[in-house]
Amino acid sequence: MAVTEAENPLVGEITCGSLLQKLQEIWDEVGESDEERDKMLLQIEQECLDVYKRKVEQAAKSRAQLLQALSDAKLELSTLVSALGDKSFISIPETTLGTINEQLAAIAPALEQLLKQKEERVKEFSDVQSQIQKICGEIAGNDSEQTGAPAVDESDLSLKKLNEYQVKLQELQKEKSDRLHKVLEFVSTVHDLCAVLGMDFLSTITEVHPSLDDTTGVQSKSISNDTLLRLAETVSALNEDKKQRLHKLQELATQLIDLWNLMDTPEEERILLDHVTCHTSASVDGVTVPGALALDLIEQAEVEVERLDQLKASRMKEIAFKKQVELEEIFACAHIEIDPEAAREKIMALIDSGNVEPTELLADMDNQIAKAKEEVLSRKEILDRVEKWMSACEEESWLEDYNRDENRYNSSRGAHLNLKRAEKARILVNKIPGMVDTLVAKTRAWEEDRGISFSYDGVPLLAMLDEYAMLRQEREEEKRKLRDQKKYGEQQNTEQEAIFGSKPSPARPSGTKKVVGPRANGGTNGTPSRRLSLNATQNGSRSATKDGKRDSMKLAAPANFVAISKEDAASHVSGTDPVPASP
């Protein structure tokens, strides 16, 4: 084994050569044999080989470790690039030149940057996924059960995947916003309904979910499907309760108003319950005043109705007579004859006997009033035609009086108005026969449909119309006789004038009968009475009246029946002047 003799400056005088020389000197002093010397040198050489061998193995192992580290670094670099999905902004070495350490040194900066970027990307994914998980939990209603951050899939940390999560997060945030808006609307509706119904809002809303009270922040309110469903059910239940309470209150208000009207309750007392009666015709959505449908208000109305019912029972006679007056007025307007005295006596007997409940009696009278109104409605068309017919008869009577007036053409005050009225009256008089025919047809149809006679103030209307037609025919006959008499008188005058040379004053012919329907003095309730009048002849030989029974009729309704006028029977009609065709 060759040993260098050169001195090593790092260890001073101690070198392999110097040590070997020192060993030789020692052997010489000792007198070591050559065989021992060779054996010792061989041993030294073997030990050196072992040292070198260990060093080589250590170096090889270190190289293998470096190669593995380089391979791991390259693999990690490739994995990071693949996971992050973008390498455009990071400088990654493309060549594999240089020593292992040089290659490691070249990869290390890029790997460090990618690891840092991965850490940031994982944090972004974790934040987005945490928000998604939280919102999904809020929607599902199990947000309180979630613990820890969601696991991030590090195999795909690309911006595309991150963008997908962000889009999903935005959709969930929008859904959360919409749900929160619905929740707040429901809460506001519940608040308004509770205010109207006089209910405790806080206890009502916290029964749905504790987070819905006013002390909780908006973003902390529950938006789960279950909460929305329960809110909708609560609003529906409150609306139904509001509807039922309003219906109940309106019924009570109607009863109050009816009782007030029945007993003439003064306005001062009515005002005290104006908050009850003001919603009589209101819709469910129209009632928004706080406490308007509270239970204590409804109970107050019920108590008042009960009090008035008891008061009504004590004032039954007064109320019953009031309803009887209403019934009599209805019959009077329809010209239906009744016996009011008998009806009042019957009411008194029923109340005094105690065999009928006051409510039943009033209900029966209300039923009679309703039927009377139906009867009035069925007679309305015929009564309207009777009114027109009688008005036309009055105009006919006025026209005949006007035609008998010798000064009607004088230029006196109001003469032109009378001329216009006369012209209209002639047109109306010409329509009377048609009116009568239509009225007869309508009346007969009504009687056939009802199976009873149509009476007007106790007198059969068809009999009135038949009598009118007969009187009108008699009047026309007398007019014809008057015309013949006048023609004969004119002939006599002409002959006398030819004989004596003078013209005597013409004699007035006998008066004519006339059929009129004047509006005479008013009957009961101020309704004008109608009569068919027949003028007597000049010698008083002809006059007609209704039978005594009709004249003595007593009506609860206005006594508007047809009769022959006493004034017309006592009057005399001059038939001297002809009736002109026009004014």
Arg379/Glu374 under salt bridge (Lys or Arg N to Asp or Glu O under 4.0 Å): CA gap, chis, key distance, verdict
CA-CA 9 Å; Arg379 294 166 61 93; Glu374 292 179 2; over 6 Å; no

Apply salt bridge (Lys or Arg N to Asp or Glu O under 4.0 Å) to residues Asp241 and Arg245 and explain how you reach the verdict.
CA-CA 6 Å; Asp241 194 14; Arg245 290 194 190 185; 3.3 Å; yes

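Dense packing is recorded around NZ of Lys322, with more than 12 heavy atoms of other residues, nucleotides or ligands lying under 6.0 Å away. The local environment of NZ in Lys323 is crowded, with over 12 non-hydrogen atoms from other residues, nucleotides or ligands closer than 6.0 Å.
Contact between Thr227 and Val208 at its shortest, heavy atoms only, is O-CG1, 4.0 Å. Across all their heavy atoms, Leu249 and Ala292 have their closest contact at CD2-O, 3.7 Å. When all heavy atoms of Phe454 and Thr443 are compared, the closest pair comes out as CB-CG2, 3.8 Å. Closest non-hydrogen pair, Val190 versus Thr204, comes out as CG1-CG2, 4.2 Å. Among all heavy-atom pairs drawn from Gln250 and Ala282, the shortest one is NE2-O, 2.8 Å. The minimum heavy-atom distance linking Ala320 with Leu361 is given by the pair CB-CD2, 4.4 Å.
Asp366 contributes atom CG, which lies 12.5 Å from atom NZ of Lys371 (distance to the nearest 0.5 angstrom). We find the CG-CD distance between Leu202 and Glu207 to be 10.0 Å, quoted to the nearest 0.5 Å. Separating the CG atom in Leu238 from the NZ atom in Lys243 is a distance of 15.0 Å, to the nearest 0.5 Å. With values rounded to the nearest 0.5 angstrom, Thr438 atom OG1 is found 12.0 Å from Lys431 atom NZ. Taking CG of Leu193 as the start and CZ of Phe186 as the end, the distance is 11.5 Å to the nearest 0.5 Å.
A salt bridge does not link Arg444 to Glu447: none of the charged nitrogens lies less than 4.0 Å from a carboxylate oxygen. Under a 4.0 Å N-O distance rule, the pair Glu396/Arg472 qualifies as a salt bridge. Under 4.0 Å is where a charged nitrogen must lie from a carboxylate oxygen, and between Lys388 and Asp384 no such pair does. Between Glu341 and Lys346, none of the side-chain N atoms (NZ, or NE/NH1/NH2) sits under 4.0 Å from a carboxylate O, so this pair counts as no salt bridge. Salt bridge Arg480/Asp484: present, at least one basic N to carboxylate O contact under 4.0 Å.
Between Ile205 and Leu231, the closest side-chain pair of non-hydrogen atoms falls below 4.5 Å. No side-chain heavy atom of Thr288 sits less than 4.5 Å from a side-chain heavy atom of Asp192. Side-chain contact check for Val196 versus Val289: every heavy-atom pair is 4.5 Å or farther apart. No side-chain heavy atom of Arg385 sits under 4.5 Å from any side-chain heavy atom of Trp389.
No donor-acceptor contact under 3.5 angstrom links the side chains of Asn225 and Arg230, judged on distance only. Between the side chains of Arg179 and Ser224, not a single donor N or O lies within less than 3.5 Å of an accepting N or O. With 3.5 Å as the limit, one finds no donor-acceptor pair spanning the side chains of Glu251 and Gln255. Looking at Asp296 and Gln300, their side chains never bring a donor and an acceptor atom within 3.5 Å of each other. In this model, a donor atom of one side chain and an acceptor atom of the other lie less than 3.5 Å apart for Gln324 and Glu328.
Judged purely by atom type and a 3.5 angstrom limit, Asn403 uses its side chain to pair as donor or acceptor with the backbone of Leu399. Judged purely by atom type and a 3.5 angstrom limit, Lys373 has no side-chain atom pairing as donor or acceptor with the backbone of Ile330. Judged by distance alone, the side chain of Asn239 and the main-chain N or O of Val235 form a donor-acceptor pair under 3.5 Å.
Taking the six-membered ring where tryptophan is involved, the planes of His335 and Tyr456 are essentially parallel, since the angle between them stays under 30° and well short of 60°.
For the salt bridge (charged side-chain N to carboxylate O under 4.0 Å, His left out) criterion with Glu395, the lone passing option out of Arg421, Lys424, Arg426 is Arg421.
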